[in-house]
Amino acid sequence: MVDSEIELSELQRTRQEKAEALRKRGTEPYPPHAARTDTTAQAKDRYARVEPTLPEGGEDNAELTLVGRLISRRHQGKTIFAHIRDGFGELQLYIRRDDVGEEAFEDFLKLYDLGDFVQASGRLFRTRAGEVSLRVSDISMLSKALNAPPEKWHGLQDVETRYRQRYADLIANEEVREVFIKRSKIVSSIRRFLDGRGFIEVETPTLQPLYGGAAARPFTTIHHALGQTFYLRIADELYLKRLIVGGFERVYEIAKDFRNEGMDRNHQPEFTMLEWYEAYADYRHVMAMTEDLIRQIAADVFGEPRFTKDDNEIDVSAPFARKTLRDAIKEASGVDYVALLGREELLAAARAAGADIASDTVWPRIVDELLKQFVRPNLIQPTFLLDYPVELSPLAKRKPDDPTHVERFQLYIGGGEIANAFSELNDPMDQLARFLGQQRDREAGDEEAMPIDEDYVNALMYGMPPTGGIGIGIDRLTMLLTDQPNIRDVILFPAMRALPKRGPGRAVESAG
RNA sequence: GGGCCGCUAGCUCAAUUGGCAGAGCAACUGACUCUUAAUCAGUUGGUUGGAGGUUCGAGUCCUCCGCGGCUCACCA
């Protein structure tokens with residue numbers, strides 16, 4: 001900012017001039033220290049405690065100093081009512097010229113604006129209208145804002161500005177703040193849950209020499225000193241299982257994954273995934289644990305095992321429904337894919353049932369389409385679908401009684417996939433064979449097929465105990481629990497296309 | 001990437017058939033010592049996303065470009 005010419009808007013210039021006016025009279029508009037004695041919430045709590053001991057209309061005799069952003073101001077002759085908001089709530093200030101002196105009173109009117117951070121000292125009382133307020137004896141500037149806050153009644157509506165300038169969105173829209181507070185509660189609930197069960201939280205590489213653990217296109221980058229290509233991880237899975245090989249029995253990681261694919265209401269290029277792995281557990285154990293986890297999160301976030309998503313009341317208190325993928329598809333579409341092992345046969349049956357499927361779709365993808373089109377939209381209440389065709393699951397262990405299927409489950413709630421888990425494949429030679437199968441798909445043009453990870457196979461050759469593992473998309477889980485329809489509404493700074501270069505200083509267009 | 005829709009003052013939104021670009025909030029000037037979307041009187045603020053074109057005349061119609069939303073395809 002030092003050497004750039006910033007063209008301020010008229011409103012910004014007006015505010016800048018006010019900051020200069022304060023400076024000229026010896027008041028720093030950006031002082032280094034605040035002297036808060038109480039948050040707005042503490043102040044209200046305090047008044048609730050002392051009010052019964054006060055005479056009617058009496059003032060608390062304690063002098064408090066509160067801080068916050070000035071969010072409203074109503075001037076009435078020689079009094080001003082204003083609200084400040086801090087991180088804990090809002091509180092009304094009652095400012096009388098006789099209390100603060102003429103100069104401070106005039107300054108507050110002329111040089112302070114909505115959006116400024118202020119510090120106010122005074123005593124608590126209740127107004128005739130019934131609102132607990134601070135009768136101000138002293139007020140000062142903590143930080144002069146040059147941008148006007150968004151309109152007070154409608155807030156900030158413009159979707160693009162809300163995402164590009166999340167700071168303005170958070171200032172203007174209380175419900176947006178609440179979504180991200182809930183997200184934080186969800187994540188801390190997860191950590192508490194896993195920590196309490198003897199898991200350790202670990203960190204594995206974001207920059208990986210080889211990507212794996214999921215079917216997706218990666219972001220590619222170059223490490224200059226090594227002269228080597230790295231990939232941003234698309235999953236943590238293979239590293240976490242290396243740790244199981246190494247002897248850690250219970251590990252988890254909550255981390256950003258990156259996938260270089262399309263963006264829509266359910267997809268962002270970077271997103272947050274929880275994965276955990278437990279030695280000597282199978283997918284049924286993981287399933288039981290997942291159910292407990294969801295129940296705990298609901299209790300922590302809502303205080304009850306019920307919440308609303310898309311106008312559906314979802315109840316997580318009862319045992320979650322469990323059915324095999326085969327039965328679920330058969331019930332919903334009449335198609336029994338296990339009896340239709342030929343691609344043509346399955347495609348014909350799926351289309352006869354009304355599915356919209358492209359002609360060149362491969363067998364496992366047809367099964368996936370049947371799931372998407374017939375089953376998934378109806379899985380509103382929590383439902384585990386289990387036992388997937390091996391072709392869909394290159395890292396999962398086969399069922400002992402049916403090698404065409406793997407011990408895998410997905411959890412669906414509110415019509416969306418919340419978790420994907422399986423008994424981990426620990427047979428190194430089977431794993432190698434699956435990688436080779438992926439390699440063939442890759443050579444056939446499937447850009448999302450996994451590359452062969454020889455080091456991972458090498459790790460398995462040291463022996464991995466029977467292990468259960470799971471991935472839970474934190475963003476999707478948050479969408480479910482905050483009833484948000486778009487993933488961007490649960491990611492603070494969603495990816496957006498960069499704006500073309502233009503002059504800084506405009507309130508709206510300058511971000512990005 | 002395809003289809004559809006959108007972009008007007010700092011914010012929220014108007015503008016009839018192509019005919020003077022407006023309102024509320026914010027800001028500015030003033031009145032008002034218990035207001036709370038305060039009220040009242042007045043004032044300022046615009047490259048209508050950008051560039052072209054058609055036209056006597058374009059926010060409005062056409063072309064191209066930018067950004068965004070919804071949706072379809074792929075994916076979690």
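Just so you know, these numbers come straight off a predicted model, no measurement behind them. Numbered from 1 within each chain, the chains take letters A, B, ... in sequence-line order.
The listed nucleotides are C28(B), U36(B), A26(B); the one nearest the side chain of Thr14(A) is C28(B). Of all nucleotides listed (G68(B), A76(B), C34(B)), G68(B) comes nearest to the side chain of Arg488(A). When each of A76(B), A27(B), C70(B) is scored by its nearest atom to the side-chain atoms of Arg259(A), the top-ranked nucleotide is A76(B). In this structure, of C67(B), A26(B), U44(B), it is U44(B) that holds the atom nearest to the side chain of Glu10(A). Distances were taken from every side-chain heavy atom of His75(A) (C-beta onward) to each of C32(B), C28(B), C11(B); the shortest belongs to C32(B). The side chain of Lys78(A) lies closest to U33(B) when the candidates are A26(B), U33(B), C34(B). Out of A76(B), U12(B), A38(B), the shortest distance to the side chain of Leu156(A) is found at U12(B). The side chain of Tyr163(A) has G69(B) as its nearest neighbour among C11(B), G69(B), U35(B). In this structure, of U33(B), A76(B), C67(B), it is U33(B) that holds the atom nearest to the side chain of Asp98(A).
With hydrogens and angles disregarded, a donor-acceptor distance shorter than 3.5 Å links the side chain of Ser133(A) to the backbone of Glu131(A). Between the side chain of Asn173(A) and the backbone N or O of Glu175(A), no donor-acceptor pair lies under 3.5 Å. A donor-acceptor contact shorter than 3.5 Å links the side chain of Ser423(A) to the backbone of Tyr283(A). Using modelled atom types, one side-chain atom of Gln438(A) and one backbone atom of Met450(A) make a donor-acceptor pair closer than 3.5 Å. In this structure a side-chain-to-backbone donor-acceptor pair under 3.5 Å is missing from Arg233(A) to Tyr211(A).
Evaluation of atom-type donor-acceptor distances gives no pair under 3.5 Å for the side chain of Gln157(A) against the base of U12(B). The base of U33(B) is paired with the side chain of Arg96(A) by a donor and an acceptor separated by under 3.5 Å. One can find a donor-acceptor pair under 3.5 Å joining the base of C74(B) and the side-chain atoms of Asp264(A). You won't find any donor-acceptor pair under 3.5 Å spanning the side chain of His154(A) and the base of C13(B), going by distance alone. Taking 3.5 Å as the limit, the base of G24(B) and the side chain of Glu151(A) contain a donor-acceptor pair of atoms between them. Side-chain N/O atoms of Ser72(A) and base N/O atoms of U36(B) include no donor-acceptor pair closer than 3.5 Å.
Within 4.0 Å (heavy atoms only), Ala129(A) reaches at least one base atom of the nucleic acid. Within the nucleic acid shown, Gln76(A) comes within 4.0 Å of at least one base atom, counting heavy atoms only. Ala215(A) comes within 4.0 angstrom of the backbone, heavy atoms only, and of no base. Among the heavy atoms of the strands, none lies under 4.0 Å from Asp99(A). Counting any heavy atom pair closer than 4.0 Å across all strands shown, Gly471(A) reaches no nucleic acid atom. Residue Glu275(A) is classed as having no contact, given no heavy-atom separation below 4.0 Å to the nucleic acid. No engagement by Arg126(A) is indicated, since no non-hydrogen atom pair under 4.0 Å with the nucleic acid exists. Looking at heavy-atom distances under 4.0 Å, Met496(A) makes contact with sugar-phosphate atoms alone, never a base. Residue-level contact check: Arg13(A) touches neither bases nor backbone, having no heavy atom under 4.0 Å from any strand. Residue contacts for Arg128(A): at a heavy-atom cut-off of 4.0 Å it reaches a base atom on one of the strands shown. Base contact: Leu11(A) has a heavy atom under 4.0 Å from a base atom. Among the heavy atoms of the strands lying under 4.0 Å from Phe125(A) is at least one base atom, whether or not backbone atoms are also near.
Residue Tyr112(A) is the one, among Tyr112(A) and Glu270(A), whose nearest nucleotide of RNA chain B lies closer to the 5' end (criterion: closest heavy atom).
Distance CG (Asn260(A)) to P (G1(B)): 13 Å, rounded to an integer number of Å. Regarding Asn266(A), its CG atom lies at a distance of 11 Å from the P atom of C70(B), rounded to whole Å. The CZ-P distance, from Phe271(A) to A76(B), rounds to 8 Å in whole Å. Rounded to an integer number of Å, the gap from Phe108(A) CZ to U35(B) P is 18 Å.
Remark: aromatic rings of His83(A) and Tyr94(A) are distant, center separation not under 6.0 Å.
Nucleotides U54(B) and G68(B) place their C1' atoms 28 Å apart, quoted to the nearest Å. The separation of C11(B) from C72(B), taken at their C1' atoms, amounts to 34 Å, rounded to a whole angstrom. Distance noted for atom C1' between U17(B) and C61(B): 12 Å (whole Å). Remark: the separation of the P atoms in C56(B) and U48(B) is 22 Å, to the nearest Å. Only the C1' atoms considered, A14(B) is 15 Å distant from C7(B), to the nearest whole Å.
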For salt bridge (charged side-chain N to carboxylate O under 4.0 Å, His left out), just list the numbers for Lys144(A) and Asp113(A), CA-CA rounded to whole Å, side-chain angles, deciding distance to a tenth of an Å, and then say yes or no. CA-CA 8 Å; Lys144(A) 181 73 194 166; Asp113(A) 288 293; 2.7 Å; yes
